[in-house]
Number of protein chains: 2
Amino acid sequence: MNTSRKATIDDVARMAGVSIKTVSRVTNREPNVRESTREKVEAAIAKLNYRPNISARSLASLRSHFIVLVYDDPSPYENPSGGYILRLQQGALRACGTANYELLIHPGRARKRDLAAELQSLIERARPEGMILAAPLSNMPSIVDAIASTGTPLVQLSPGKDSANRYSVSTNDREISAEMTRYLASLGHQRIAFIAGHRSHKAVGNRLLGYQDGLRDSGLNFSERLVFAGDNSLASGEAGADKLLNRKRRPTAIFAANDDMAAGVIRVAARMGIEVPGQLSVAGCDDISVASHIFPSLTTIRQPLAAMAERAALVLIEESGASSPLRGSEIFPASLKIRESTGPAPE
Amino acid sequence: MNTSRKATIDDVARMAGVSIKTVSRVTNREPNVRESTREKVEAAIAKLNYRPNISARSLASLRSHFIVLVYDDPSPYENPSGGYILRLQQGALRACGTANYELLIHPGRARKRDLAAELQSLIERARPEGMILAAPLSNMPSIVDAIASTGTPLVQLSPGKDSANRYSVSTNDREISAEMTRYLASLGHQRIAFIAGHRSHKAVGNRLLGYQDGLRDSGLNFSERLVFAGDNSLASGEAGADKLLNRKRRPTAIFAANDDMAAGVIRVAARMGIEVPGQLSVAGCDDISVASHIFPSLTTIRQPLAAMAERAALVLIEESGASSPLRGSEIFPASLKIRESTGPAPE
DNA sequence: GTCAATGGTGACAGCGCTGTCATCTTGGCG
DNA sequence: CGCCAAGATGACAGCGCTGTCACCATTGAC
């Protein structure tokens with residue numbers, strides 16, 4: 001439309017016949033503006049197509065109107081299946097969109113020594129109003145402390161210790177993993193193996209506990225020999241499957257702590273000519289896109305990632321300005337997603 | 001460390017015994033600063049751990065020091081495999097990182113009527129220095145024009161018409177698709193089917209042309225009957241496979257215009273008991289994470305998406321401030337990624 | 001009818017930086 | 001040794017907005 005200069009608050013004020021402060025009050029929904037005045041101002045805003053300049057606003061108010069989502073930059077050889085992060089982004093963006101905030105995404109490399117310093121620098125330069133920290137970064141004390149020390153409100157997307165002075169949004173990993181295990185047991189499986197994830201990922205650790213709970217609930221014994229220590233990667237899932245499926249009494253079900261590893265199991269089974277789910281049931285966790293794209297499609301656990309991230313962003317936006325540090329925790333329950341890869345145990 | 005007030009340019013100037021303008025010169029790498037002065041200032045910057053405030057800088061300079069990456073928000077039922085976008089993000093972020101820029105990601109819904117208005121509003125509020133538009137948004141004139149009308153530098157991540165006053169970074173879709181087709185022909189395949197993508201996606205359209213080129217190069221005839229019109233989704237790949245594989249003389253190779261559809265073909269083949277690649281070769285395009293996670297892993301075309309986005313960001317950063325509008329185009333060649341899903345034609 | 005209490009509004013000083021322009025140095029050269 | 005151009009530096013006015021505080025206009029209580 002117009003390539004000319006953008007309207008400023010002065011233009012609006014002049015047109016509406018009020019002071020710029022009153023315009024500011026209207027755009028910020030502050031109280032104490034007479035209805036008729038508000039309407040005049042809003043008309044001028046509409047006519048001029050005025051948008052407050054974000055930089056000026058941030059500078060003047062010390063509120064930047066944006067938050068940062070930080071996650072571990074998935075290195076190509078580790079976990080290229082981006083469903084996880086994308087869903088987090090979607091959720092956070094949803095919250096930002098309705099509140100007129102912007103989202104800065106910031107992939108950090110957990111392996112990098114100075115990620116903490118890097119984040120501090122980002123905070124100092126840009127002054128975000130809050131940060132959302134995704135797992136596994138959210139489990140790393142050095143990162144968490146670095147952010148906390150700047151006073152930036154922080155929401156961790158991982159199980160939080162209630163004691164801590166933090167806010168955390170997480171899912172019921174342990175309970176839902178127990179449920180998955182019980183589900184497999186209810187199909188008649190007696191030897192249910194588990195491929196565990198990387199140690200540093202706390203949520204993934206909880207899944208092992210849930211697996212054990214589920215076995216106990218179903219009257220099955222836990223055996224170390226049915227657990228393989230993976231590292232979240234497809235390759236480690238294949239390695240685990242190789243080992244577990246070549247045992248003399250092989251498991252009839254394998255529950256992997258994430259979908260990448262479960263996909264690895266399915267690949268090995270296909271290569272070995274083991275029918276899934278006829279001879280082997282496979283379950284994963286996370287419901288990343290791969291889960292529904294492979295054959296047989298993967299029974300898995302769907303975490304409400306987008307909802308969790310949305311909530312995290314909302315907490316930051318709402319509490320922004322509050323003086324007391326954020327604390328508390330919320331659990332968003334996950335659900336089983338039964339697909340093709342699980343079925344009754346073979347005779 | 002310090003929870004106290006952040007250092008400002010005044011603090012640095014005072015400590016270094018120079019004016020704030022000189023500090024500004026140093027942080028912006030402007031010429032005409034004596035070496036010894038520069039060192040004094042840098043020492044002060046280091047000691048105070050000073051970082052220029054982004055908002056203040058944007059406000060004063062009208063340069064926001066950030067660029068926006070806009071892409072079509074993948075609706076859950078359309079293409080949940082985020083490898084595409086994630087790789088674009090990685091590339092753009094790489095360029096931003098080295099240049100000390102920030103990246104704002106902005107998923108828009110192509111289906112939404114007012115995406116153009118939404119982007120204009122974003123531009124007016126935040127004044128990005130440039131925008132990177134990913135396909136298929138980059139093919140939509142309404143979007144492109146809306147951005148162009150604001151004067152914001154724009155790089156399209158899709159084949160550009162040379163005539164246009166735009167900058168585009170794209171890949172050699174047509175040529176590489178021809179190469180894939182020739183590769184399949186070289187394996188002895190005579191009936192090579194093609195599952196086309198959604199019309200609106202220009203790059204995907206080019207792949208059909210490439211397929212035809214490849215057939216011709218290999219002395220094979222093109223037949224409409226071997227082409228199925230998909231829509232980029234897994235489901236449409238399954239539908240295409242269903243149709244193609246139930247023909248009396250079924251194809252021995254299927255080349256799908258993207259990996260989601262190729263994954264669909266593999267799923268259908270597995271369900272029908274057709275061996276891949278023994279009885280059917282399958283090739284995809286994009287090399288999203290799914291490609292390597294399924295069994296058999298997918299032969300596909302790998303586009304240098306990250307490199308393309310990195311280049312796009314770099315163009316914007318470098319040209320930012322230039323008065324003449326950005327124009328030109330670059331081609332980043334893709335490569336075949338031969339994996340398990342293709343093999344010699346059956347007898 | 002007077003006086004507080006409250007609601008509504010505006011003047012003005014920054015927020016931390018960069019652009020402009022004036023001023024002061026320096027070094028090269030006749 | 002003096003002069004001038006180029007190099008180096010600083011003073012200062014904003015960028016467009018919000019926070020503070022002062023002020024005026026109502027209103028209701030007495």
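First the proteins, then the strands, lettered A, B, ... as listed; each starts at 1.
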For the helix from C/dG1-D/dC30 to C/dG30-D/dC1, how many degrees between its two end axes (five pairs per end), to the nearest 10°?
-> 40°
Could you check how far CD1 of B/I54 sits from C1' of C/dC17, rounded to whole Å?
-> 12 Å
Residues forming a side-chain contact (heavy atoms from CB on, under 4.5 Å) with B/A307, sequence neighbours excluded = B/P304, B/F332
Residue whose closest nucleotide on DNA chain D lies nearer the 5' end, B/V18 versus B/A60 | B/V18
Keeping to residues at least two apart or across chains, list the salt bridge (Lys or Arg N to Asp or Glu O under 4.0 Å) pairs with something in residues 31-54 of chain B.
-> A/E124-B/R51
A/N32 CG to D/dA22 P: how many Å, rounded?
-> 17 Å
By side chain to side chain donor-acceptor pair (under 3.5 Å), which residues pair with B/E330, not counting sequence neighbours?
-> B/Y167, B/R311
Can you list the residues that meet the side chain to side chain donor-acceptor pair (under 3.5 Å) rule with A/E310, with sequence neighbours excluded?
-> A/R94
Report yes or no: does B/E129 contribute a side-chain atom to a donor-acceptor pair with the main-chain N or O of B/H65 at less than 3.5 Å?
-> yes
Does OP1 or OP2 of D/dT18 have a side-chain N or O of A/N28 closer than 4.0 Å?
-> yes
Within this structure, what is the NE2-to-P distance between B/H65 and D/dC15, rounded to whole angstrom?
-> 19 Å
List for me each residue that meets side chain to side chain donor-acceptor pair (under 3.5 Å) alongside B/T37, sequence neighbours excluded, and say none if there are none.
-> none
Show the atom names and distances, to 0.1 Å, of all donor-acceptor pairs under 3.5 Å that link a side chain in residues 131-138 of chain A to residues at least two apart or in another chain.
{"residue": "A/S138", "atom": "OG", "partner": "A/A135", "partner atom": "N", "Å": "3.3"}
{"residue": "A/S138", "atom": "OG", "partner": "A/S158", "partner atom": "OG", "Å": "2.8"}

Rounded distance (Å) that lies between atom P of D/dG16 and atom CG of A/L48 | 14 Å
Across all chains, not counting sequence neighbours, the side chain to side chain donor-acceptor pair (under 3.5 Å) partners of A/S64 are none
With sequence neighbours left out, what residues match A/N32 under side-chain contact (heavy atoms from CB on, under 4.5 Å)?
-> none
Roughly how far, to the nearest 0.5 Å, is CD1 of B/I147 from CG of B/L122?
-> 9.0 Å
B/D11 CG to C/dG16 P, in whole Å, measures 9 Å
C/dG16 OP1/OP2 closer than 4.0 Å to side-chain N/O of B/N53 | no
How long is the line joining CD1 of B/I9 and C1' of C/dT18, in whole Å?
-> 8 Å
Residue pairs meeting salt bridge (Lys or Arg N to Asp or Glu O under 4.0 Å), one or both in residues 132-154 of chain B, sequence neighbours left out, come to B/D145-B/R166
Rounded distance in Å - CZ (B/R127) to P (C/dT18) | 18 Å
Give the rounded distance in Å between these two atoms: CZ of B/R57 and C1' of C/dC17.
-> 8 Å
For DNA chain D, what residues of residues 33-47 of chain B have any heavy atom nearer than 4.0 Å?
-> B/V33, B/R34, B/T37
Hey, can you pull the residues of residues 19-26 of chain A with a non-hydrogen atom under 4.0 angstrom from DNA chain C?
-> A/S19, A/K21, A/T22, A/R25
